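Some notes on the structure that comes next.
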Amino acid sequence: MTFLLSALIVALTLAVTFWASRRNTSASDFYVAGGRISAGQNGVAIAGDYMSAASFLGITGLIALNGYDGFMYSVGFFIAYLTVLFIVAEPLRNLGKYTLADMLVYRLKDPRVRTYAAVSTIVVSAFYMIAQVVGAGSLISLLSGGALTPSVAIPLVGVLMIIYVVVGGMLATTWVQIIKAVLLMFATGLMTVLILNRFGWSFSSLLGAAERLNGASFLGAGVKYTNPIDLISLCLALVLGTAGLPHILVRFYTVPTAQDARKSVVWAMVLIGAFYVMTAFMGNAANVLVGREAIVTANAAGNMAAPLLAQELFGGAGTLGGEFGLAFVTAVAFATILAVVAGLTIAASTSFTHDIYKGVIRKGQATEREEFRVARLATVAVGVIAILLGLAAQTQNVAFLVALAFAIAASSNLPVILFTLFWRKFNATGAIWGIVGGILTCLALIAVSPNIRGIDPPEKTTGRHLVQAAPLFPLENPGIVSIPVGFALAAIGTLLGARRRREEEDQAFEEMQFRAYTGAGVDGTVAAHD
Amino acid sequence: MTVSRLPSAAAPTRNPAYARLVTERNRFTVLMTVTFLVLYLLLPILAGYNKPLMATKVFGNVTFGYVLAFAQFIMGWVMAAVYVFKARTFDRLAQEAVQ
């Protein structure tokens, strides 16, 4: 049944992809669906792009096993959209065409910035993608009851994502994300109603049941996060990093105007907020109804909590309803994986083609037709590389790569975006220092952190640390150090950098500000400049 | 929104509507951003340094931690609504600025 439902979802998304292929005929169609997506559609698609299997399966499992601490992730993932709404969405739409680099180059007028911004986009996307692809492999293996091993599941997901993106471009990617968001909201909404029904429509009695089974600490903080600084560091990276994630940023170019970009964030916040609130119900209910032992037996990290909970809510193991519930939620998780990797693939291949190939290698000389062809080739390349990296890393514990992607986005992209928009003296040297410094600081701190270094007892055979030595940096999340360092390096680079003449600098800033705040010069579909 | 390109970038800064837009929008963005960051960071700070408070039951079995976390969601939606409301003024000023 799981197979049947998953096959139905894949058939539906492929049908949409071939429908979209008729409207995927130029580079602009490919990158941003011609900028013709409506605000409502884009809002749902942002939600679909963002709510990953790591959220749906991972956070439900975290709450089921650790109680309240798992729910703090949910809050951070949601609140992050205020940063996106207040600071990034509208100016980005007004200043750029397809990528983050467009916006920076528009203001800073230096082609070197394009290269570095593209590298940052590709690095962030790559880490996020490896985590998703490896996660997809083990999840599908888990969800299929071992029928599909990760070595089969990873290429399967990779091939599907290549088809969506190459054939249907951004339009198909958008609709895959919309379909997945609707399915996911439906599944979590229905489960929450069934949960509340079981507990007399009272969250308090659900928590009461969880407390009786797990003790009072389950309802308070501290079960998972024992180091407060590490927790604050994680929260900072979540709330500041989302506004620098390339696959989210690219979504704002798919709508016609800055007003639509604003409306899409609001739509996304309605769905994302509702979803993450429901994780509190699902996680606690999984703990109570399925039981810690059954969850850990299925998967030590708790990833099976949500599907097992669905089985229980729909009638229990062995019943028709229970098997249907399990199959449905498993199929939804599969759709979730596909939608997120498709979004990452298109963001990475857009940046590679538009910034590196057209902007740097061909110095802006490539025709629309050539760009369109190269973009689809790049997608195949990105997809194949993702599959290979996923296969290579399939036995590693890669969950920290998601936190790393958020930390890099917060430490290298966000400072540069903020300074570009608000600091008159900011220049290209500052942007390059900020981007390179942010990335290197994050990578260096992660390399010496407890994610990589640690001393395992000899009897531990799986999930061992890569380097068997004491960590040199105490935190798992580098954000609290790397974000200020990113800002500081961008500022130092600016002060050291070669200055253009004062009037030129002022003029570039005012031009940027005028356009960012009024949308002047942005024609209905695609920005006029390059 | 279809607006033609401007002949020069220096001229519009003298438009009073534009000057108002820049001042008000910058002030509003800073105020809103600082407010939500401070309120949001209360959550990890209290979770890290005041565990007894987070575990205190407020309504039935619902602890202060859950109340604070749910309040963050309400804060997010309210601040988004306030922003959208305020943005209407900015849209109007932007229209005037390009005329």
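On a predicted model such as this, the values are computed, not experimentally measured, just so you know. Heavy atoms only: backbone and side chains are in, while hydrogens, waters and symmetry mates are out. Residue numbers begin at 1 in each chain, while the letters A, B, ... track the order of the sequences.
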Subject >> For A:Gly273 against B:Phe73, the heavy-atom pair lying closest together >> reply: O-CE2, 3.6 Å

**OP:** Calculate, to the nearest 0.5 Å, the distance between atoms OG1 and CD belonging to B:Thr63 and A:Glu211 respectively.
**Re:** 9.5 Å

**OP:** For this output row, return yes or no: ring centroids of B:Trp77 and A:Tyr81 closer than 6.0 angstrom.
**Re:** no

Original post:
Using non-hydrogen atoms only, which part of B:Ala81 is less than 4.5 Å away from chain A: side chain, backbone, both, or neither?
Top reply: neither

Original post:
Side chain of A:Tyr68, backbone of B:Gly65: donor and acceptor closer than 3.5 Å?
Top reply: yes

Subject >> From B:Leu43 atom CG to A:Leu231 atom CG, the distance as rounded to the nearest 0.5 Å >> reply: 7.5 Å

Original post:
So which part of B:Phe36 gets closer than 4.5 Å to some heavy atom of chain A, the side chain, the backbone, both or neither?
Top reply: side chain

Original post:
Is the A:Phe86 ring parallel, tilted or perpendicular to the B:Tyr83 ring (thresholds 30°, 60°)?
Top reply: tilted

Subject >> Winner by heavy-atom pair count (cut-off under 4.5 Å) against chain B, out of A:Gly76, A:Ser202, A:Ala516, A:Ser217 >> reply: A:Gly76

Original post:
Of all of A:Ala221, A:Ser74, A:Gly220, A:Ala280, which one pairs up most often with chain B through heavy atoms under 4.5 Å apart?
Top reply: A:Ala221

Subject >> Point-to-point distance, once rounded to the nearest 0.5 Å, from NZ of B:Lys51 to OG1 of A:Thr226 >> reply: 7.5 Å

**OP:** Report the distance from atom CE of B:Met79 to atom CG of A:Leu85, rounding to the nearest 0.5 Å.
**Re:** 10.0 Å

Subject >> Where A:Leu82 and B:Ala80 come nearest, the two heavy atoms and their spacing >> reply: CD2-N, 4.1 Å

**OP:** Name the option with the most non-hydrogen atom pairs under 4.5 Å to chain A; the candidates are B:Gly76, B:Gly48, B:Gly60.
**Re:** B:Gly76

Subject >> Heavy-atom proximity to chain B below 4.5 Å, by part of A:Thr83 >> reply: both

Subject >> Atom pair CE (B:Met54) and CE (A:Met72), whose distance is rounded to the nearest 0.5 Å >> reply: 6.0 Å

**OP:** Give me the ring orientation class for B:Phe70 and A:Phe203: parallel if the planes are under 30° apart, tilted from 30 to 60°, perpendicular past 60°.
**Re:** perpendicular

**OP:** Name the region of A:Val266, side chain, backbone, both or neither, that has any atom closer than 4.5 Å to a heavy atom of chain B.
**Re:** side chain

**OP:** Specify which of B:Leu37, B:Leu41, B:Thr29, B:Val22 makes the most heavy-atom pairs with chain A at under 4.5 Å.
**Re:** B:Val22

Subject >> Stepwise side-chain contact (heavy atoms from CB on, under 4.5 Å) check, B:Met75 with A:Ile79 >> reply: CA-CA 9 Å; B:Met75 173 191 87; A:Ile79 287 294; 3.7 Å; yes

Original post:
Hey, does the side chain of A:Ser204 reach the backbone of B:Asn61 with a donor-acceptor pair shorter than 3.5 angstrom?
Top reply: yes

Original post:
Rounded to the nearest 0.5 Å, how far apart are OH of B:Tyr49 and CD1 of A:Ile232?
Top reply: 5.0 Å

**OP:** Report yes or no: does B:Tyr18 contribute a side-chain atom to a donor-acceptor pair with the main-chain N or O of A:Phe514 at less than 3.5 Å?
**Re:** yes

Subject >> chain A contact via B:Tyr40 - side chain, backbone, both or neither, heavy atoms under 4.5 Å >> reply: side chain

**OP:** Using non-hydrogen atoms and a 4.5 Å limit, figure out which bit of A:Val239 sits close to chain B: side chain, backbone, both or neither.
**Re:** side chain

**OP:** Pick one of side chain, backbone, both or neither for A:Ala210, based on which atoms fall under 4.5 Å of a heavy atom in chain B.
**Re:** neither

